[in-house]
Amino acid sequence: MPQLFTPLTLPAPKGPGLALRNRAIIAPMCQYVIDREDGVPTDWHLQHLGSFAAGGFGLVTVEATGVEARARISPRDVGLWTDEQQHAHERVVTFLHSQGAAAAVQLAHAGGKASTYPWLPGQPDGTVPVADGGWTTVSSVDGPVLPGLDAAKGLTVAEIAEVVAAFADAARRADAAGYDAIQLHAAHGYLIHQFLSPLTNTRTDEYGGDEQGRTRFVREVAAAVREVWPDHKPLGIRISATDWLDGAWDVAASARLIRRLADEHGVTWVDVSSGGLGGGATIPVGPGYQVPLAAELTRQLADLPLVVSAVGLIDEPIQAETILATGQAHAVSIGRAALRNPHWAASAATRLGVPRTDIPQAPQFWRADW
Ligand SMILES: Cc1cc2nc3c(=O)[nH]c(=O)nc-3n(C[C@H](O)[C@H](O)[C@H](O)COP(=O)(O)O)c2cc1C
């Protein structure tokens, strides 16, 4: 059996952990489809996410999901702070389970990169003005997080506690909706990353300064979430393992952070992405360009009960298989290749020689013969 189609367990602090039928994970992908701008997942989400489950993926990660209204990247994004949102998530999760996939939700706060126009054809760049349904954003400090965005307002210590509580509330709702795993969004220049990186965190209080200070916010979020999230369910995190700039956030800092989150807060899954804070970084984008970051964390953190997933331009089944077979990661997260072909996992199974009877797919696809 190819590595990609070997089952994988995401460990949890108690119990056997979360068993996945294979190592192909759907990366979170914002859809910007909610016309009502109320954060409630729609039929689009059901079919978008559902097709990945029917198409054989082991774990489907739901897009960046705002833990409060101002946490959304755009007004058309998913949230998890109301009962109505929770019930709509539950409908999606129930369907994913019916197709043999596990369900994760990416709990997110976009911070100073919130309230932007949706990344859809014909949409402008930048911050949506308050008059047009946008909002004043928050961040680690006052000012724009990136050129072209409106200035964010730096959170006070009391306001940080409210955001931490919002993450915990969303985690409680994620459990009630039936999710199997949470992925905290600490990557791509959003709020947690805005605290982690010296590029955007110039605070002088206990939430800034040295690594201990800059990592305090994410450690508090992980602690608060772990407290309400059942012990038998895995808690994961997506990080930007590097800002791709000297003197900024890097792989060494990422390894120290993940070790601490694993030891102190029961984090058992890290999805390794990169970038998101600009700063003139040169990113060597190409096939599998972030895999070396995952490989480094896999190597340095091998003694922990931790699953490392690699992501970024992993498009080909043989490429995914090579990453796993050479021990560079334990799983792969697939984004755009799955947008192009939601049944990527089932077709990859055929390409890698999995016997027809073991191909992860909805029985309705049996005659597809891939
Ligand atoms: C349409 C789209 C939406 C995305 N939304 C998110 C998101 O909600 N959260 C996130 O962490 N990354 C998001 N990403 C990044 C992907 O999860 C992934 O890391 C990236 O696309 C690289 O993987 P790929 O080359 O397999 O697509 C998005 C990417 C795309 C293409």
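None of the values given here were measured: they were computed from a predicted structure. Throughout, numbering of the chain's residues begins at 1 and tracks the sequence. In listed order, ligands and their atoms are each counted from 1.
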When only distance counts, is Ile334 in polar contact with ligand 1, meaning an N/O pair under 3.5 Å? no

Enumerate the atoms of ligand 1 whose separation from the nearest heavy atom of Ala27 is less than 4.0 angstrom. 17 (O)

Can you give me the closest heavy-atom contact between Asn201 and Ser140, atom names plus distance? CA-OG, 3.9 Å

Which is closest to atom 1 (C) of ligand 1 in terms of heavy atoms, Cys30, Gly276, Ser273? Cys30

Please check if any side-chain donor atom of Gln328 sits under 3.5 Å from a side-chain acceptor atom of Thr326, or the reverse. yes

The one among His188, Arg336, Gln183, Arg238 that brings a heavy atom closest to atom 18 (C) of ligand 1: Arg238

Is Gly312 in contact with ligand 1, taking contact as a heavy-atom separation below 4.0 Å? yes

Can you name the nearest heavy-atom pair linking Leu18 to Ala181, along with the distance? CD2-CB, 4.2 Å

For Ser333, is at least one N or O under 3.5 Å away from an N or O on ligand 1? no

Quiz question: by atom type and distance under 3.5 Å, do the side chains of Ser139 and Gln194 form a donor-acceptor pair? yes

Heavy-atom nearest neighbour in the protein, as seen from atom 30 (C) of ligand 1, with distance rounded to 0.1 Å: Met29 CG, 3.8 Å

Could you tell me whether Ala337 and ligand 1 have an N or O pair separated by under 3.5 Å? no

How far is atom 6 (C) of ligand 1 from its nearest protein heavy atom, and which residue and atom is that? Pro28 O, 3.0 Å

Can you name the one residue among Thr268, Asp175, Asp180 that meets side chain to side chain contact (heavy atoms under 4.5 Å, CB included) with Lys233? Asp175

Sort and list the pairs that fulfil ring-ring contact (aromatic ring centres under 6.0 Å, His included) and have at least one residue in residues 98-150, not counting sequence neighbours. none

Ile314, any N or O under 3.5 Å of ligand 1 N or O: no

Where Ile25 and Ser309 come nearest, the two heavy atoms and their spacing: CD1-CB, 4.2 Å

I'd like to check which ligand 1 atoms, numbered from 1 as shown, lie under 4.0 Å from a non-hydrogen atom of Val311. 19 (O), 23 (O)

Among pairs that include at least one residue of residues 203-261, which meet ring-ring contact (aromatic ring centres under 6.0 Å, His included), considering only residues two or more places apart or in two chains? Phe195-Phe217

Please say whether Gln106 places an N or O atom under 3.5 Å from an N or O atom belonging to ligand 1. yes

Distance from atom 26 (O) of ligand 1 to nearest protein heavy atom, with residue and atom: Gly335 N, 2.9 Å

Scan Val311, Thr322, Ile323 and name whichever one has a side chain to side chain contact (heavy atoms under 4.5 Å, CB included) with Val291. Ile323

